[in-house]
Amino acid sequence: MSDTLSLPVLPLDDTVVLPTMVVPVDTSGTEARAAIDAAQISAGADGAGPDSTGKATPQVLLVPRVNGKYSSVGTLGAVEQIGRLPSGEPAAAIRGLSRVRIGSGTVGPGAALWVEGTVEEEPPASARAQELAREYRGLAATILQKRGAWQVVDVLQRITDPSALADSAGYAQYLTLEQRQELLETIDPEQRLERLTGWARDQLAELDVAETIASDVREGMEKQQREFLLRQQLAAIRKELSELSGEPGSEEEDYRARIEAAALPEKVNEAALKEAEKLERSSDASPEGSWIRTWLDTVLEIPWNERTDDAYDIEGARAILDADHAGLDDVKDRIIEYLAVRKRRSDKGLTLVGGRRSGAVLALAGPPGVGKTSLGESVARAMGRKFARVALGGVRDEAEIRGHRRTYVGALPGRIVRAIREPGDPAGRGGQGRRGLPG
């Protein structure tokens with residue numbers, strides 16, 4: 001038969017004490033101090049269970065209070081010691097004994113709130129509870145091992161009672177206040193272990209994900225630190241070599257200084273610095289170094305911060321084109337049409353739209369010697385611009401544009417021709433079927 005007790009209430013706002021737990025409770029608050037005092041008065045009056053010295057042990061009812069609402073089940077707690085925390089605040093060490101179903105209020109000594117409670121009797125552990133206890137013990141041990149709490153693992157392995165094992169989860173930091181209250185209000189140990197097993201699996205999955213992320217971040221940081229260290233060592237070696245040889249600073253440092261002094265646009269500056277870093281990492285024998293140098297030289301030669309006001313004299317532009325070129329009427333008509341559209345946009349104030357000029361670009365295509373470059377010079381003179389001839393990406397050979405240079409390292413630009421074959425010589429002259437000849 002369940003016992004009915006009359007106990008002072010000690011409300012807990014930030015924790016839940018389960019049976020078998022021993023926790024320090026801050027008694028600096030008015031409610032906690034009143035409950036402890038009332039328990040001591042009651043123990044001195046009628047005795048609440050003698051301790052080892054023969055004195056009565058004060059008892060309180062530890063009740064969680066979540067969002068101002070009291071739980072329907074509390075924990076019978078024995079006040080084992082009263083003293084102060086290392087910080088100097090008053091506290092009491094309380095051991096949880098059993099679950100108590102809270103009943104109606106009653107009267108008692110002191111200023112504390114008194115209630116009547118019935119001690120809940122737990123059902124005996126079933127075979128299913130024993131099985132769940134073994135599973136939960138393994139999951140909890142794995143979580144503790146990942147956190148480095150090896151001593152707690154040994155204590156956990158010595159707990160054989162399923163109910164006590166479930167209540168020991170009150171120490172788990174990953175459980176929320178609501179989850180601990182749910183454990184307190186669940187009387188059957190089998191149901192408690194089922195909930196704990198599911199929560200432990202979720203926590204273990206989160207720890208695995210966090211461990212994977214931490215490992216990736218750690219590897220990335222180690223890689224960056226190693227790369228930084230190697231770069232510093234490389235810079236020190238190059239500096240030492242330059243001092244021994246009496247030569248000025250390295251070429252890479254010169255490129256960095258030129259990039260910083262060029263006041264390039266933001267995106268161009270980022271791309272240039274990235275290519276300068278590639279140049280630092282590449283060896284002197286790598287063909288990629290020459291490509292990067294050509295690209296950087298081209299970028300640094302472009303007048304990024306110089307602007308010229310365009311002149312849109314359509315008749316004058318036509319006269320310049322006619323004076324410089326005979327024929328090519330279709331090409332000149334298209335250029336005049338392009339200039340007329342730009343003049344129209346300029347007259348309407350549409351020179352810049354969204355920070356950008358018109359997206360139209362004139363492209364002159366044709367074999368060498370048909371007048372592409374001279375037409376560009378004529379257009380520049382007609383618009384009052386300075387003419388600049390810039391090779392595509394710093395590339396001045398069609399073989400590089402097609403990708404032959406990057407595909408076949410060391411390949412020479414030229415034409416692939418067929419060797420002349422004579423009758424009776426299937427392999428061609430000199431025994432070569434095909435030969436690459438310089439153009």
Side-chain angles (χ1 to χ4, degrees), residues 258-259 261-272 275 290-406 412-417 438-439:
R258 291 172 59 188
I259 292 170
L264 302 175
E266 180 181 358
K267 297 297 183 182
V268 180
N269 188 71
E270 292 178 1
E275 293 298 323
S290 62
W291 305 331
I292 296 175
R293 293 184 187 91
T294 303
W295 187 88
L296 289 174
D297 291 336
T298 303
V299 169
L300 292 172
E301 290 173 1
I302 296 177
W304 296 97
N305 300 316
E306 296 182 13
R307 296 289 185 270
T308 302
D309 294 333
D310 295 335
Y312 297 115
D313 184 2
I314 305 301
E315 295 180 356
R318 183 72 192 199
I320 291 174
L321 290 173
D322 289 338
D324 292 348
H325 300 83
L328 299 176
D329 292 334
D330 293 341
V331 179
K332 290 187 286 188
D333 289 343
R334 178 66 186 91
I335 293 175
I336 294 301
E337 178 183 330
Y338 170 79
L339 295 177
V341 172
R342 289 183 65 92
K343 182 177 184 301
R344 181 85 172 182
R345 290 174 59 87
S346 177
D347 294 341
K348 290 187 175 183
L350 300 176
T351 304
L352 292 176
V353 177
R356 300 186 62 181
R357 295 183 179 272
S358 172
V361 177
L362 287 177
L364 304 176
V370 298
K372 299 187 298 298
T373 303
S374 59
L375 276 170
E377 294 177 350
S378 299
V379 172
R381 188 154 60 91
M383 297 180 66
R385 288 191 178 188
K386 295 181 180 180
F387 179 76
R389 182 177 181 181
V390 181
L392 179 62
V395 179
R396 292 176 172 82
D397 189 275
E398 65 274 8
E400 294 188 24
I401 297 175
R402 292 171 183 153
H404 290 216
R405 289 285 180 88
R406 292 180 180 269
L412 295 175
R415 296 184 297 271
I416 305 299
V417 299

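In this chain, residues are counted from 1 in sequence order.
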Counterpart residues, side chain to side chain contact (heavy atoms under 4.5 Å, CB included), relative to [X] (two or more places apart):
X: E270; result: E266, K267
X: R318; result: D322, D329, K332, D333, I336
X: A340; result: I314

Q: Step by step, work out the side chain to side chain contact (heavy atoms under 4.5 Å, CB included) result for R334 and D330.
A: CA-CA 6 Å; R334 178 66 186 91; D330 293 341; over 6 Å; no

Output the distance between atom [atom1] ([X]) and atom [atom2] ([Y]), rounded to the nearest 0.5 Å.
X: L264; Y: I302; atom1: CG; atom2: CD1; value: 9.0 Å
X: L362; Y: L375; atom1: CG; atom2: CG; value: 10.0 Å
X: I335; Y: H325; atom1: CD1; atom2: NE2; value: 8.0 Å
X: D324; Y: R381; atom1: CG; atom2: CZ; value: 4.5 Å

Would you name the heavy atoms of [X] and [Y] that are closest together and state the gap between them?
X: F387; Y: A380; result: CB-CB, 4.0 Å
X: I320; Y: A382; result: CD1-CA, 3.6 Å
X: G376; Y: L364; result: N-CD1, 4.4 Å
X: W304; Y: V299; result: NE1-O, 2.8 Å

Q.
Can you confirm whether I259 sits close enough to L296 that some side-chain heavy atom of one is under 4.5 Å from a side-chain heavy atom of the other?
A.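 I259 reaches L296 side chain to side chain.
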
Side chains of residues 366-373: which donor-acceptor partners sit under 3.5 Å, not counting sequence neighbours?
residue : atom : partner : partner atom : Å
K372    : NZ   : G366    : O            : 3.0
K372    : NZ   : P367    : O            : 3.0

